[in-house]
Amino acid sequence: MTPPAKAGSHSSANRVFSTALKYSALLALVIAVVGGVVGWSVDGTRGLTSALIGTAMALVFLGITSVSILFANRWSGQEFFVGILFGVVMGSWLVKFVLFLVLGFILKDQPWVNPPILFGSVIVGVVGSLVIDAVVAAKVRVPYVSDSILPKGPPHDADQG
């Protein structure tokens, strides 16, 4: 049986999540600009603020998952890696859920927030990030066994013919 990779080695999947994070940040910048212009034209400063807050929320929520997986991959190859990975990812999802509820309750009745613009920015960010994740996962090549260390073969003896 092939031994696992050394503890703390970088998983080949890190490239997928790093690339997804970069494109998600670029998407957030585009949403902030477009949403800000639309928000400003619809509701002035209130619309602009709502679009920027919605974009920031989308970026934070979407980044938490990728960052948590990148963080958990630091233990790739250790005996309890799967448990660590699931614990970190599920913990991050719980944090996102609680954070979303808290922000939703805090922002819903604020006079300086336009809820439809805020909601629209969050939804566009989530859908856009899902598209980015799918495209990145489909295009980035990760070998099936890239993180494995092959066993050493028997030494070659010069006397054998």
| field | Backbone N/O of Thr65 and side chain of Ser68: donor-acceptor pair under 3.5 Å | value |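 Yes, Ser68 side chain to Thr65 backbone: donor-acceptor pair under 3.5 Å.
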| field | Side-chain (Ser92) to main-chain (Val89) donor-acceptor, under 3.5 angstrom | value |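 Between the backbone of Val89 and the side chain of Ser92 there is a qualifying donor-acceptor contact (under 3.5 Å).
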Is [Y] close to [X] at the side-chain level, that is, under 4.5 Å between some pair of heavy atoms?
X     : Y      : value
Leu70 : Ser18  : yes
Lys96 : Phe100 : no
Thr49 : Val113 : no
Thr45 : Trp112 : no

Can [Y] be reached from [X] by stepping across I, L, V, M, F, W or Y side chains whose heavy atoms are under 4.5 Å apart?
X     : Y     : result
Met90 : Ile84 : yes
Trp93 : Leu62 : no
Val88 : Leu21 : yes
Val34 : Trp40 : no
Leu27 : Leu52 : no

When rounded to the nearest 0.5 angstrom, what distance separates [atom1] in [X] from [atom2] in [Y]?
X     : Y     : atom1 : atom2 : value
Phe81 : Phe86 : CZ    : CZ    : 9.0 Å
Leu48 : Ile53 : CG    : CD1   : 9.5 Å
Asn73 : Leu85 : CG    : CG    : 6.5 Å
Ser24 : Leu29 : OG    : CG    : 12.5 Å

| message | Before you tell me yes or no, could you show the steps for Phe61 and Leu103 under side-chain contact (heavy atoms from CB on, under 4.5 Å), namely the whole-Å CA-CA distance, both residues' side-chain angles and the distance that decides it to 0.1 Å? | response | CA-CA 12 Å; Phe61 293 146; Leu103 287 174; 4.1 Å; yes
Could you list the donor-acceptor pairs under 3.5 angstrom formed by side chains in residues 116-137, with sequence neighbours left out?
residue: Ser121; atom: OG; partner: Ala51; partner atom: O; Å: 3.4
residue: Ser121; atom: OG; partner: Ile117; partner atom: O; Å: 3.1

| field | Nearest non-hydrogen partners of Lys108 and Pro115, listed with the distance | value |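 Nearest pair, atom of Lys108 first, then Pro115: O-CG, 4.4 Å.
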| field | Set of side-chain contact (heavy atoms from CB on, under 4.5 Å) partners for Val60, sequence neighbours left out | value |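 side-chain contact (heavy atoms from CB on, under 4.5 Å) check on Val60 returns Ile64, Leu99.
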